[in-house]
Amino acid sequence: MAALSLLSPIPSSASLPPIYSLYHFKGTLQSNKTSSTSIFSGFRSSWSLRNDSKAEKRQLGLMVARNGGGGELDDMDEGQIENICGQDEDDEEWTQAHASSSSPERWDVLGLGQAMVDFSGVVDDAFLEKLDLEKGTRKLINHEERGRVLQAMDGCSYKAAAGGSLSNTLVALARLGCPSITDRPLNVAMAGSIAGDPLGSFYRTKLRRANINFLSAPIMDGTTGTVIVLTTPDAQRTMLAYQGTSSVVNYDSCLASLISKTNVFVVEGYLFELPDTIRTITKACEEAHRNGALVAVTASDVSCIERHYDDFWDIVGNYADIIFANSDEARAFCHFSADESPISATRYLSHFVPFVSVTDGINGSYIGAKGEAIYIPPSPCVPVDTCGAGDAYASGILYGILRGVTDLKGMGELAATIAATVVGQQGTRLRVQDAVELARSHDFRLNSVGTDVGS
């Protein structure tokens with residue numbers, strides 16, 4: 001079929017062809033022929049909203065800071081860290097009361113990404129100047145530098161969380177698909193690299209409370225990676241990343257087995273910064289395609305794309321079924337100048353990737369397919385914190401695909417509403433109650449469209 005013109009608009013009433021639906025796109029997804037009762041047996045018991053008491057997080061950072069980033073933290077167990085960290089204001093997790101210890105037959109989504117604990121703090125410009133840090137940048141730091149910065153943060157207001165762009169998306173997705181909305185909750189998992197240290201246990205536990213199963217075994221002689229996020233009053237973020245064990249994600253029989261039981265496999269773009277991990281990504285995507293899974297890639301960062309352009313395109317061009325990017329990242333993929341419109345970049349990318357999702361901040365977003373693109377207007381909100389908006393948007397797209405939705409407009413509007421909800425709050429995670437309300441408000445439309453198309 002001849003390629004369609006990049007200038008050809010899609011009618012606003014356009015529907016996604018049945019091939020794009022998860023239940024039609026990959027005919028080899030045998031899980032869809034299996035009874036949901038057998039797949040999700042043991043996962044439908046009573047669920048309750050967890051309301052742990054909040055506790056001071058500052059002590060955790062001090063313990064990490066001592067002795068160059070290790071210190072007393074190395075001598076603590078997971079329970080002690082939990083007592084120190086308590087619950088974040090956006091950490092309202094749906095906790096399964098009687099969860100089965102066995103894994104489901106298939107995972108709806110498996111994400112491969114950097115597993116790092118975030119320390120997010122509010123500082124002033126003088127703090128950055130004192131530590132000779134350039135505001136608004138992202139910098140890799142070593143073990144000793146991490147300890148020095150955390151020590152300097154003594155007295156600042158900050159919190160610890162299981163962070164990362166991919167984890168934000170997965171948590172939102174799990175909350176949208178929780179059992180309070182449907183009797184078929186989504187099974188969501190993540191793979192990556194954490195150490196067998198208290199921070200690694202903290203990361204795994206936090207994700208589990210959000211109903212994300214972190215499935216990779218810990219590296220016993222390593223140190224879990226961390227990202228220190230320093231926010232100044234002008235809302236600019238300066239990020240200091242200590243990669244630790246997150247810099248090495250190995251492909252092994254365990255990861256291969258997990259991928260073979262996955263419907264959608266999501267790769268975080270930040271992993272492309274790590275040479276050894278690129279080989280893991282390639283093997284993992286090959287395994288995903290062999291087993292009929294959809295492969296999604298998040299762009300993550302413009303500078304990362306520019307530094308590893310060929311590696312990105314090796315994966316995107318050969319394996320990706322879905323790509324998530326913002327307008328700058330989309331232009332970087334296309335080698336377009338800043339003057340080019342995001343809709344042009346969306347159309348261009350959709351000649352190579354079946355489903356393209358491009359966000360453009362307050363200007364809205366675009367979904368591309370088969371050389372065409374549809375515009376999704378922004379959902380109104382009063383901005384509070386734009387961090388995590390793209391991650392939330394991606395969760396809405398994945399939710400729609402997993403539900404078998406074929407309507408581009410409806411899927412995009414749900415994703416835009418989810419993103420606006422996160423932008424209108426402090427913190428990067430979609431809250432449980434918001435997820436429930438959003439999923440329910442769109443449920444009738446999604447069910448109606450998903451049933452009528454591609455049957």
side-chain contact (heavy atoms from CB on, under 4.5 Å) evaluation trace for C285 with H289: CA-CA 6 Å; C285 289; H289 265 206; over 6 Å; no

Test log, rule side-chain contact (heavy atoms from CB on, under 4.5 Å), inputs K139 and T238: CA-CA 8 Å; K139 174 186 176 183; T238 304; over 6 Å; no

M153/L230 under side-chain contact (heavy atoms from CB on, under 4.5 Å): CA gap, chis, key distance, verdict: CA-CA 10 Å; M153 289 175 69; L230 306 174; 3.8 Å; yes

Test side-chain contact (heavy atoms from CB on, under 4.5 Å) applied to V297 and Y319, step by step: CA-CA 9 Å; V297 177; Y319 304 106; over 6 Å; no

Derivation and outcome, salt bridge (Lys or Arg N to Asp or Glu O under 4.0 Å), residues R290 and E287: CA-CA 5 Å; R290 272 195 298 270; E287 184 68 22; 2.5 Å; yes

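Side-chain atoms of T346 do not come within 3.5 Å of backbone N or O of A373 as any donor-acceptor pair. Using a distance-only test at 3.5 Å, with no hydrogens or angles considered, no donor-acceptor pair links the side chain of K370 to the main chain of F355. Under the 3.5 Å distance criterion, the side-chain polar atoms of T231 are left unmatched by any main-chain donor or acceptor of V122. Under the 3.5 Å distance criterion, the side-chain polar atoms of E329 are matched with a main-chain donor or acceptor of N326. No donor-acceptor pair under 3.5 Å is formed between the side chain of D108 and the backbone N or O of V188. Remark: side-chain polar atoms of D301 are paired, donor with acceptor, to backbone N or O of S303 under 3.5 angstrom. Formation of a donor-acceptor pair under 3.5 Å by the D360 side chain with backbone atoms of N363 is not found in this model. With N142 contributing its side chain and E144 its backbone, the two residues share a donor-acceptor pair below 3.5 Å. No donor-acceptor pair closer than 3.5 Å links the side chain of Y366 to the backbone N or O of S357. A donor-acceptor contact shorter than 3.5 Å is absent between the side chain of E413 and the backbone of G410.
Across all their heavy atoms, S379 and A416 have their closest contact at CB-O, 3.6 Å. Residues A115 and T224 share a closest heavy-atom pair of O-CG2, 4.3 Å. Between Q114 and R138 the shortest heavy-atom distance is OE1-NH2, 4.1 Å. Closest approach of I305 to A299, counting heavy atoms only: CD1-CB, 3.8 Å.
In this structure, a donor-acceptor pair under 3.5 Å is present between the side chains of S365 and Y393. Inspection of the R429 and S167 side chains reveals an N or O donor paired with an N or O acceptor under 3.5 Å.
For residues 226-249, the set of pairs meeting the ring pair (Phe, Tyr, Trp, His ring centres under 6.0 Å) definition, not counting sequence neighbours, comprises H143-Y242. Listed by first and then second residue, the salt bridge (charged side-chain N to carboxylate O under 4.0 Å, His left out) pairs that reach into residues 226-239 are K135-D234, R237-D385, sequence neighbours excluded.
Heavy atoms from other residues, nucleotides or ligands lying under 6.0 Å from NZ of K283 number 12 at most.
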For residues 251-260, which side-chain N or O atoms pair as donor and acceptor with protein atoms under 3.5 Å away, sequence neighbours left out?
from : atom 1 : to   : atom 2 : distance (Å)
D252 : OD1    : C254 : N      : 3.2
D252 : OD1    : L255 : N      : 2.9
S260 : OG     : S257 : O      : 2.6

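The side chain to side chain donor-acceptor pair (under 3.5 Å) test with R106 singles out one residue from N263, T262, N187, and that residue is N263.
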